[in-house]
Amino acid sequence: MNSRRERNARTALFDGIEEGGIRASSSYSSHEIDEQENDRAIDGLQDRVSLLKRLSGDVHEEVEAHNSMLDRMGNDMDASRGVLSGTMDKFKMVFETKSSRNMFTLVASFVVIFLIIYYLTR
């Protein structure tokens with residue numbers, strides 16, 4: 001009786017499975033279901049891949065735009081550095097001569113007076 005129970009339990013556990021695998025009738029329907037699930041998964045993956053492709057393309061365009069912007073900014077900084085060094089050289093020349101120093105003091109005082117008047121009238 002105990003062996004009979006074991007056989008029934010074994011049959012219930014492995015119902016539909018033979019030594020060679022799953023029975024042919026259940027294999028066909030299972031195979032169809034697996035194919036449909038695979039097709040849905042493939043469609044989902046294709047959507048995700050196309051989304052990632054678009055996103056990576058957008059990121060690439062942003063990176064290219066930022067790189068060109070940084071290049072332009074670097075060129076502008078180099079140009080302004082050149083202008084600033086030229087201006088500093090001119091200031092050095094102004095301070096080297098005594099008469100030029102007096103002229104600079106006069107111009108600086110006019111600029112300060114102009115700024116004070118501008119802020120008072122504003």
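- Two residues are said to be in side-chain contact when any heavy atoms from C-beta on lie closer than 4.5 Å; Leu84 and Arg81 fail this criterion.
- Atoms CE and NE2, from Met69 and His66 in turn, are 4.5 Å apart once rounded to the nearest 0.5 Å.
- Counting heavy atoms from C-beta outward, Asp43 and Gln46 have side chains that approach closer than 4.5 Å.
- Note that the CG atom of Asn67 and the CD atom of Glu62 stand 11.0 Å from one another [nearest 0.5 Å].
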Could you please spell out the steps behind the side chain to side chain contact (heavy atoms under 4.5 Å, CB included) verdict for Arg54 and Leu51? CA-CA 5 Å; Arg54 282 194 312 265; Leu51 176 66; 3.5 Å; yes
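- Of the inter-residue distances, the one linking Asp76 atom CG with Met73 atom CE reads 8.5 Å to the nearest 0.5 angstrom.
- Residues satisfying the side chain to side chain contact (heavy atoms under 4.5 Å, CB included) criterion with Asp71, sequence neighbours excluded, are absent altogether.
- Looking only at distances, no side-chain donor or acceptor of His60 sits under 3.5 Å from a matching main-chain atom of Ser56.
- Taking CD1 of Ile42 as the reference point, atom CG of Asp47 lies at 12.0 Å (rounded to 0.5 Å).
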